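Throughout, residue positions are numbered sequentially from 1 according to the sequence presented. Bear in mind that the values here come from a model prediction, so they are computed numbers and not experimental data.
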Amino acid sequence: MSKPTRPGLLPHPGLTLVLILVWLLLVNAVSLGQVLLAIALGWSVPLLTQRFWPEPVRLCRPRVLLRLLATLLYDILAANLSVAWSILFRSRRLRPGFVQVPLDLRHDLAISLFANAISLTPGTVSADLTPDRRTLIVHALDLDSPERLADELKARYEAPLKEVFESC
């Protein structure tokens, strides 16, 4: 089954704009030559890679995504402090372990974002996704209750992602 391609000469206008801006920020110059090169890169990269892109993403509830981002930023900060405390003062009492988190998500991008959110939060890392894409294996630095961790990950990250990507 082939994936549908985006028609036209500008398949990802948003990405084109981002690439242009990122290029200009990287070179730290706004000369005519750099602007033309940025436009050429911003146009050609999405055009030449469009067959590798998945289907267009539909965000059902963008405000939920913003709340999820705020939650994730808070969790990253809190987990950094917690992991630092654990390493400095409790390193002999850590209980590392793996947890199987059953997935309700079916959208590929949502599963990827869920796994990345877990890995971005210090003290946990997404270790594997089962071949049937129904279970995510997560390693935790200090695991007291596998069920509680799985429930917390599902409530804090998976539920909002399901709302954003799969409730249209």
Give the minimum heavy-atom separation between [X] and [Y], together with the two atoms involved.
{"X": "E166", "Y": "R106", "result": "OE2-N, 2.6 Å"}
{"X": "L143", "Y": "F98", "result": "CD2-O, 4.0 Å"}
{"X": "S119", "Y": "V125", "result": "OG-CG2, 3.7 Å"}
{"X": "L15", "Y": "P46", "result": "CD2-CG, 3.9 Å"}
{"X": "A29", "Y": "Q34", "result": "O-CB, 4.0 Å"}
{"X": "S86", "Y": "L94", "result": "CB-CD2, 3.8 Å"}

Review point. Given T71 and Y74, is the side-chain contact (heavy atoms from CB on, under 4.5 Å) satisfied, shown in steps?
Key: CA-CA 5 Å; T71 299; Y74 172 81; 5.8 Å; no
Under the 3.5 angstrom rule, does the side chain of [X] hit a backbone N or O of [Y] as a donor-acceptor pair?
{"X": "K162", "Y": "Y157", "value": "no"}
{"X": "S112", "Y": "D108", "value": "no"}
{"X": "T130", "Y": "T135", "value": "yes"}
{"X": "T121", "Y": "T124", "value": "no"}
{"X": "E158", "Y": "L105", "value": "yes"}
{"X": "W43", "Y": "A38", "value": "no"}

Practice item. I would like to know whether L136 and L103 meet side-chain contact (heavy atoms from CB on, under 4.5 Å); could you show each step before the answer? Key: CA-CA 7 Å; L136 184 66; L103 295 176; 4.1 Å; yes
**Study point:** ring-ring contact (aromatic ring centres under 6.0 Å, His included) partners of F165, counting only residues at least two apart
**Key:** H107
Between [X] and [Y], is there shared hydrophobic-cluster membership here, with clusters defined by ILVMFWY side-chain heavy atoms closer than 4.5 Å?
{"X": "V27", "Y": "L37", "answer": "yes"}
{"X": "V35", "Y": "L26", "answer": "no"}
{"X": "L153", "Y": "L120", "answer": "yes"}
{"X": "L24", "Y": "V18", "answer": "no"}
{"X": "L109", "Y": "V64", "answer": "yes"}

Point to revise | Point-to-point distance, once rounded to the nearest 0.5 Å, from OG of S44 to CG of L19 | key: 9.0 Å
Check your understanding: At what distance, to the nearest 0.5 angstrom, does CZ of F114 lie from CZ of R156?
Key -> 12.0 Å
**Study point:** Criterion side-chain contact (heavy atoms from CB on, under 4.5 Å) on I20 and I39, from CA distance to verdict
**Key:** CA-CA 6 Å; I20 291 169; I39 290 170; 4.0 Å; yes
Revision key, fill the gap. Which of L68, L161, V164, I118 passes side chain to side chain contact (heavy atoms under 4.5 Å, CB included) with L113? Answer is L161
**Study point:** Evaluation steps, side-chain contact (heavy atoms from CB on, under 4.5 Å), between R61 and L65
**Key:** CA-CA 7 Å; R61 299 206 165 92; L65 188 60; over 6 Å; no
**Study point:** Side chain to side chain, R67 and P160, heavy atoms closer than 4.5 Å
**Key:** no
Review point. Does a salt bridge link R95 with D142, judged by any charged N lying under 4.0 Å from a carboxylate O?
Key: yes
